[in-house]
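Here is the structure we will look at, set down as structure tokens.
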Protein chains: 2
Amino acid sequence: MRTRSPSSSIVKSQSKALLHARLREHGLKLTHQRELIAELFLRQDHITVEDLYREVAKKDPSIGIITVYRTLKLLCQWELAQERHFGKGKTIYDNVAQKAHHDHLICTHCARIIEFENFQIEKFQEQVARDHEFHITFHKLELYGLCKACRRDDVRPSRRSEHA
Amino acid sequence: MRTRSPSSSIVKSQSKALLHARLREHGLKLTHQRELIAELFLRQDHITVEDLYREVAKKDPSIGIITVYRTLKLLCQWELAQERHFGKGKTIYDNVAQKAHHDHLICTHCARIIEFENFQIEKFQEQVARDHEFHITFHKLELYGLCKACRRDDVRPSRRSEHA
DNA sequence: TCGAAATTGAATTTAGATTTCAAAATGAGA
DNA sequence: TCTCATTTTGAAATCTAAATTCAATTTCGA
Ligand SMILES: [Mn+2]
Ligand SMILES: [Mn+2]
Ligand SMILES: [Zn+2]
Ligand SMILES: [Zn+2]
């Protein structure tokens, strides 16, 4: 992980300004729903619609999950978010507002997601593409397995079940 | 692509023997539905349930798509098939009966899938894992872009629409 | 403040996949 | 070859994530 999310109050003011700017650019309206959803989304790294909806509902239970879907779609269009499909489950939205391209290590035991980038891998990807006269526009590299914490747990099988 | 599917008649007899052996091992019954579905599946590289169902229906329209789902699930359990989720669309079933691990180049224009393997990339993946004290159990590397044919077409925009 | 235009939330729909269940088939043993 | 317990099948129903529809509400520039 290269970038760390800045402190909550900075995120809050920055994300509000960012959101307002993007909305104006596109002739869209600033609603309190969009404001809250974007603020909570931009405060974290990776989240599902369901989980973000739950967070949103804590602050304003009148907001519908469908508005969460729609707001995340907007954030994707503006490249503040990116859809990810790890495993076969629900879509995970990656907060890429302060991040460059990166790939992921995904723990199949506790669902932790670790970000990384490796330029050597990317160079060999280009080599593979050249060999096949292929032109890469984007790529996904996902490494699944056990994170540091879950590897430790593995030697104590009794603790396995306390993980998601 | 390292392995090429052998000629149809060899595949047919081989796949029937293979299927029969696996079914016996697991105390399951050899039905003509399973025989046809497996034979047609093992004859190609990558296919969706829908497309395989269409192939099956040409030979025996009485077979239900649900049996195609169920048979592919069996083939996956026996590691003759593997589910892949390219893009966000339907599941693609990869015929891995004669293949070792490999990754994919996916053309976003014509949907062509090219298989490759690159040991240097895999080595750097292990390096990344070591850096994060992570233990990789499996991975996915997908390179999206334009294949050789579609790059050529791109300089003649009028031909674009003839592709899927 | 007004009012056109955008946005919202609930209900409905879609799409892919899974589950349920009665009828049909398979195949081991007689 | 016949019997019959067990497995398998196909259709329909169900499930889940996500998209669409639409009347009511909100936003924001004039
Ligand atoms: Mn990420
Ligand atoms: Mn493949
Ligand atoms: Zn873990
Ligand atoms: Zn192509």
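In what follows, every chain begins at residue 1, and chains take the letters A, B, ... in the order their sequences are listed. This structure is a prediction, so every number in the text was calculated from the model and none was measured. Computed from heavy atoms alone, side chains included, the values below leave out hydrogens, waters and symmetry copies.
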For this session: Decide, yes or no, whether a salt bridge links A:R151 with B:E133 under the criterion of side-chain N to carboxylate O below 4.0 Å.
Result: no

Exercise. Hey, is B:E126 close enough to B:K123 for a salt bridge, meaning N to O under 4.0 Å?
Worked result: no

Seminar exercise, completed: Sorted by position of nearest nucleotide on DNA chain C, 5' first, the leading residue of B:H32 and A:S62 is A:S62

Could you check how far [atom1] of [X] sits from [atom2] of [N], rounded to whole Å?
{"X": "B:I66", "N": "D:dC15", "atom1": "CD1", "atom2": "P", "answer": "15 Å"}
{"X": "A:L19", "N": "C:dT7", "atom1": "CG", "atom2": "P", "answer": "11 Å"}
{"X": "A:I65", "N": "D:dA18", "atom1": "CD1", "atom2": "P", "answer": "9 Å"}
{"X": "A:Q33", "N": "D:dA24", "atom1": "CD", "atom2": "C1'", "answer": "13 Å"}
{"X": "B:R54", "N": "C:dG16", "atom1": "CZ", "atom2": "C1'", "answer": "14 Å"}
{"X": "A:L23", "N": "C:dA5", "atom1": "CG", "atom2": "C1'", "answer": "15 Å"}
{"X": "B:E50", "N": "C:dA15", "atom1": "CD", "atom2": "C1'", "answer": "9 Å"}
{"X": "B:E35", "N": "D:dT9", "atom1": "CD", "atom2": "C1'", "answer": "16 Å"}

For this session: Mind checking A:L30 for me? I need base, sugar-phosphate or nothing, with any heavy atom below 4.0 Å counting as a touch.
Result: sugar-phosphate

Exercise. Is A:L28 touching bases, backbone alone, or none of the nucleic acid, heavy atoms closer than 4.0 Å?
Worked result: sugar-phosphate

Exercise. Backbone N or O of A:Q125 within a donor-acceptor pair of the A:R130 side chain at under 3.5 Å?
Worked result: no

Exercise. With a 3.5 Å cut-off and no angle check, do the side chains of B:Q77 and B:H26 form a donor-acceptor pair?
Worked result: no

Would you say [N] has OP1 or OP2 under 4.0 Å from some side-chain N or O of [X]?
{"X": "B:R34", "N": "C:dA25", "answer": "no"}
{"X": "A:T31", "N": "C:dT8", "answer": "yes"}
{"X": "B:K29", "N": "D:dT9", "answer": "no"}
{"X": "A:K73", "N": "D:dA18", "answer": "no"}
{"X": "B:T91", "N": "C:dG16", "answer": "no"}

Seminar exercise, completed: Testing D:dA11, D:dG29, C:dT8 for proximity to the side chain of A:R24, the answer is D:dG29

Exercise. Considering only C:dA17, C:dA25, D:dC28, which nucleotide approaches the side chain of B:K90 most closely?
Worked result: C:dA17

Problem set entry | Minimum heavy-atom distance between A:N95 and A:R43, given as atom pair plus value | ND2-N, 4.4 Å

